[in-house]
Amino acid sequence: MVPEGHTIHRLSRDLRSDFGTHPVKASSPQGRFQNGSTQINGKTLSKSEAWGKHLFLSFDDELILHVHLGLIGKFRPHSIESSTTDTVRLRLEGKQAWHLTGPQKCALISIDEFVNVTDGLGPDPLRRGTRWNHFAENVALRRTPIAVSLLDQSVIAGIGNVYRAEFLFILGIHPERPSCELTDTEIRGLWELARAQLRQGVRLNRIVTVSREDSGSVPGRVNSDEALYVYKRESQPCRRCRAAIRITELGGRKCWWCDRCQPR
DNA sequence: TCTTTATGGTGAG
DNA sequence: TCACCCTAAAGAT
């Protein structure tokens, strides 16, 4: 429902399949993207790709639309007949009407700007051709807590506050362990887990990290209050050892962990 | 009907 | 480290 890397990759895929090769109708009901939407209107989506939490839509191979949802942005499908509100920055019409609200970024950019953005990103486990040793090198260079490194988009692209806490729990890694002190096995584990979890996130279009064994049901059918191990579960019992889940602030964001399952 | 919070990121001091 | 941007749902009153 909300944006970490899986959301953006799923969005990229859904928009591509919705628009196909037909011209798209574009407008900016809110008016803040009037100019841009006018340029896009009537053009065809020629490419749709995600890099971490960034979405890039190319139109007629000449315009590049850069969208970043930030913390509160949404890009959701509605029926073609649906009306818009004055918070809709961009409305794109294909088979459905896609409403973009509250984005951190919605702008037409040049190739240079595109390269600038993507150059600043670490490897995205959902993109082809990315190698885990890039991630390993980035982690090994940092003394900051591993929980902080995981949120740094130049270390690994697409991880957000939910996934970072969940990954560290699943692998039994204390969030405050200095990044450079992680073993190769742990770093490799983080990368493989990220890849598997983000893929599942794309497939389900939601984050479900709890395993079948721990939840008792298939990931696609897990209740929302049983989908995660630690995120937003402070003082509730750990799903594995029943110890109280703890919370702290790391990298300016809240981080949850289990003292017993994730020893220092 | 308020106030708070949020899966993010930037730019100022 | 902090203020700030943008919106909507959840929680408090």
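Keep in mind that the numbers below use all heavy atoms, side chains included, and drop hydrogens, waters and symmetry copies. Order of the sequence lines fixes the chain letters, A, B, ..., with proteins taken first and strands second; residue numbering starts at 1 for each chain.
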J.: For the residue pair A:Leu150 and A:Leu168, establish whether any side-chain heavy-atom pair is separated by less than 4.5 Å.
T.: yes
J.: With sequence neighbours left out, what residues match A:Thr185 under side-chain contact (heavy atoms from CB on, under 4.5 Å)?
T.: A:Thr183
J.: Students often get this wrong, so: under 4.0 angstrom with heavy atoms, is A:Lys53 touching a base, only sugar-phosphate, or nothing?
T.: sugar-phosphate
J.: What residue among A:Arg76, A:Lys74, A:Arg91, A:Arg89 forms side-chain hydrogen bond (donor to acceptor under 3.5 Å, both in side chains) with A:His99?
T.: A:Arg91
J.: Could you state the atom-to-atom distance from CD1 of A:Ile8 to C1' of B:dT7 in whole Å?
T.: 10 Å
J.: Which whole-number value in Å describes the distance from A:Leu150 CG to B:dT7 P?
T.: 15 Å
J.: Taking atom P in both B:dT1 and C:dC6, what distance in whole Å separates the two?
T.: 25 Å
J.: Hey, is the side chain of A:Lys105 poking within less than 4.0 Å of OP1 or OP2 on B:dG8, counting only N and O atoms?
T.: no
J.: How many Å lie between NE2 on A:His66 and C1' on B:dG9, as a whole number?
T.: 11 Å
J.: Using every non-hydrogen atom in the two residues, find where A:Gly70 and A:His68 come nearest and quote the distance to one decimal.
T.: N-ND1, 2.9 Å
J.: Sticking with atom C1', work out how far B:dC2 lies from C:dC5, rounded to a whole angstrom.
T.: 22 Å
J.: How close or far is atom P of B:dT10 from atom CZ of A:Arg253, stated in whole angstroms?
T.: 13 Å
J.: Tell me: CG of A:Leu55 to P of B:dG8, nearest whole Å?
T.: 16 Å
J.: Using the C1' atoms only, state how far B:dT7 lies from C:dT1, rounded to an integer number of Å.
T.: 22 Å
J.: Given B:dG9, is OP1 or OP2 found less than 4.0 Å from the side-chain N or O atoms of A:His68?
T.: yes
J.: Rounding to a whole Å, what distance do you find between A:Glu249:CD and B:dG8:P?
T.: 13 Å
J.: Any N/O pairs under 3.5 Å between the protein and nucleotides 2-8 of chain C? List them or say none.
T.:
unit_1: C:dC6; atom_1: OP1; unit_2: A:Arg32; atom_2: NH1; d: 3.3
unit_1: C:dT7; atom_1: OP1; unit_2: A:Gln30; atom_2: NE2; d: 2.8
unit_1: C:dA8; atom_1: OP1; unit_2: A:Thr87; atom_2: OG1; d: 3.4

J.: Quick one: ring-ring contact (aromatic ring centres under 6.0 Å, His included) partners of A:Tyr229, sequence neighbours excluded?
T.: A:Phe169
J.: Using a cut-off of less than 4.0 Å, is there contact between a side-chain N or O of A:Tyr231 and OP1 or OP2 of B:dT7?
T.: yes
J.: Does NZ or CZ of A:Arg246 come closer than 6.0 Å to the centre of the six-membered ring of A:Trp256, within 45° of the ring's axis?
T.: no
J.: Distance check needed: B:dT7 P versus A:Asn205 CG, whole Å only.
T.: 18 Å
J.: Indicate the atoms forming the closest heavy-atom contact of A:Glu4 with A:Gly160, along with that distance.
T.: OE1-N, 2.7 Å
J.: Separation of A:Ile247 atom CD1 from B:dA6 atom C1', in whole Å?
T.: 13 Å
J.: Could you give the distance separating B:dT10 and C:dA8 at their P atoms, to the nearest angstrom?
T.: 23 Å
